[in-house]
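The structure appears right after this line, and notes come after that.
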Protein chains: 2
Amino acid sequence: MNLPEGKDKFLQSWGALGSSWGVNRTMAQIHALLMIAPQALSAEDIMEELKISRGNANMNLRALIDWGLVFKELKAGERKEFFVAEKDMWKVVKNIIIQRKKKELEPMLKVLDELSSVEGNDPEAEEFVRMIKEIKLFSSKADSTLDTLVKADSNWFVGTFMKMIK
Amino acid sequence: MNLPEGKDKFLQSWGALGSSWGVNRTMAQIHALLMIAPQALSAEDIMEELKISRGNANMNLRALIDWGLVFKELKAGERKEFFVAEKDMWKVVKNIIIQRKKKELEPMLKVLDELSSVEGNDPEAEEFVRMIKEIKLFSSKADSTLDTLVKADSNWFVGTFMKMIK
DNA sequence: ATTTACTTTCAAGAAATTTTGAAACTATTG
DNA sequence: CAATAGTTTCAAAATTTCTTGAAAGTAAAT
């Protein structure tokens, strides 16, 4: 397979993967493009390669920077901004875990806490509280497991996990 | 907090959580509703509680059954179908992992395999292949880790993970 | 074999999300 | 300070995804 063909296939696949994980296609594609780029790209480079508008490129780059997956890079003597991706896959995944944990798991834990105080002694209320507590227990375990995971160093996952888990 | 209020809050939150994970709001809500229900519900019960159409209820129930998160239950002497949710949170998560691994991770691994054969000796092609290989290595590790996880028994996660990981 | 009870399907409509593009903004240069 | 180079914003348009509802399908009961 040649490069343009491979590149295109990668951009498509990564974009589709993003879609099924609640990340918009373009954001995933910009990330993919930057991951395989040998040097920093400008907004224009990205617009051109992905055939997207300036506004779209800008918004999604901003979001990627928020997530810690892309960094702005200023080149000496150049007026425009360049962008590079985080290329260490463990850091990529770690940042995603940190963000999603904060935006989704933690608020959900808070809601579950409130919900476990539901009153009532009919079977419906009892089952509700029982199930909420089961979900809460599970989610707390997931939460602390993720904390531990995130604190572990870059090589931990690839190097050690398989041995420990055996 | 009283039951109707708590129930509503749970249905809303679970629905929103689904949305950010590529699961449609209604599917997540039906699942939530069945998880907290003390007995099996009929399609009509679900339509009524969630204020959704028959077609919508049917399609999403079908999908939940596909995912192994909901089961059909036939009551003696009743003509209509009832539905119950898988309530063991570990099994819920395990089924989701199995499905998403099959539908997303495995196809991606196949694509990455093809892509690592890209030819070319300019820096762009070299970086492309290098990065594809890094992603592939990471994904394979994730794949086997998930396999191990899924083979582990129901109580493993809640009981043992924290100790092992320490 | 007809009626009745229920489920499935799917085209069209509604809703939600994403993208565009042009105007407004910011900062550097001459 | 005017011109130039670049970035940001956001309302409107385009696209994608989800939902509806009615018709078709299935099967038990009479």
Side-chain angles (χ1 to χ4, degrees), chain A residues 11-34 40-67 70-84 100 103-104, chain B residues 11-34 40-67 70-84 100 103-104:
Chain A
L11 296 178
Q12 294 315 105
S13 308
W14 204 254
L17 189 68
S19 296
S20 36
W21 284 85
V23 174
N24 90 42
R25 179 181 245 68
T26 304
M27 201 192 304
Q29 285 184 334
I30 293 178
H31 181 231
L33 181 62
L34 289 173
L41 302 182
S42 68
E44 294 231 328
D45 296 334
I46 294 168
M47 289 162 57
E48 208 172 291
E49 290 248 27
L50 260 28
K51 282 149 178 66
I52 59 174
S53 70
R54 184 173 296 284
N56 196 5
N58 187 274
M59 282 179 119
N60 285 299
L61 278 165
R62 221 72 7 218
L64 285 164
I65 290 171
D66 267 4
W67 282 57
V70 165
F71 310 101
K72 224 182 251 195
E73 200 172 270
L74 299 173
K75 288 195 184 173
E78 287 264 26
R79 210 146 137 188
K80 66 182 158 210
E81 298 173 325
F82 290 79
F83 302 90
V84 276
R100 301 201 81 151
K103 290 198 192 108
E104 292 150 30
Chain B
L11 296 178
Q12 294 315 105
S13 308
W14 204 255
L17 189 68
S19 298
S20 35
W21 285 84
V23 174
N24 91 40
R25 177 180 246 69
T26 303
M27 200 190 307
Q29 286 185 332
I30 294 178
H31 181 232
L33 181 62
L34 289 172
L41 302 182
S42 68
E44 295 230 330
D45 295 335
I46 294 168
M47 289 161 57
E48 209 171 291
E49 291 246 29
L50 259 30
K51 282 150 177 66
I52 58 174
S53 71
R54 183 173 297 285
N56 196 4
N58 187 273
M59 281 179 118
N60 285 299
L61 278 165
R62 232 50 32 208
L64 284 164
I65 290 170
D66 268 5
W67 281 58
V70 165
F71 311 101
K72 225 182 252 195
E73 198 173 88
L74 300 172
K75 289 195 186 177
E78 288 262 29
R79 209 145 139 191
K80 65 182 161 213
E81 299 174 324
F82 290 80
F83 302 91
V84 277
R100 300 200 82 150
K103 290 198 192 109
E104 292 151 29

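Predicted model, so just to flag it, every value in this text is computed and none were measured.
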Ignoring backbone atoms, establish whether [X] has a side-chain N or O less than 4.0 Å from OP1 or OP2 of [N].
X: A/Thr26; N: C/dT19; answer: yes
X: A/Asn24; N: C/dT19; answer: yes
X: B/Asn58; N: C/dT8; answer: yes

Side-chain donor/acceptor contact of A/Arg79 with base of C/dT29 under 3.5 Å
no
Around atom CD of A/Gln12, are there more than 12 heavy atoms of other residues, nucleotides or ligands at under 6.0 Å?
yes
To the nearest Å, give me how far apart [atom1] ([X]) and [atom2] ([N]) are.
X: B/Lys80; N: C/dA5; atom1: NZ; atom2: P; value: 11 Å
X: A/Asn56; N: D/dC10; atom1: CG; atom2: P; value: 16 Å
X: A/Glu78; N: C/dT29; atom1: CD; atom2: P; value: 12 Å
X: A/Leu64; N: C/dT18; atom1: CG; atom2: P; value: 13 Å
X: B/Glu44; N: C/dT7; atom1: CD; atom2: P; value: 8 Å
X: A/Met47; N: C/dT19; atom1: CE; atom2: C1'; value: 12 Å
X: A/Ile46; N: D/dG6; atom1: CD1; atom2: P; value: 15 Å
X: A/Glu81; N: C/dT26; atom1: CD; atom2: P; value: 14 Å

Determine whether a donor-acceptor pair (N or O, by modelled atom type, separation under 3.5 Å) exists between the side chain of B/Gln29 and the backbone of B/Leu11.
yes
Expected output: side-chain A/Asp45 to main-chain A/Ser42 donor-acceptor under 3.5 Å:
yes
Would you call A/Lys75 and A/Glu81 a salt bridge, taking side-chain N to carboxylate O under 4.0 Å as the test?
no
Which comes earlier along DNA chain D counting from the 5' end, the contact point of A/Lys72 or that of A/Arg25, where each point is its nearest nucleotide?
A/Lys72
Assuming nearest nucleotide by heavy-atom distance, tell me which of A/Arg62 and B/Arg54 is located more 5' along DNA chain D.
A/Arg62
Less than 4.5 Å apart, side chain to side chain, heavy atoms only: is that true for A/Trp21 and B/Arg100?
yes
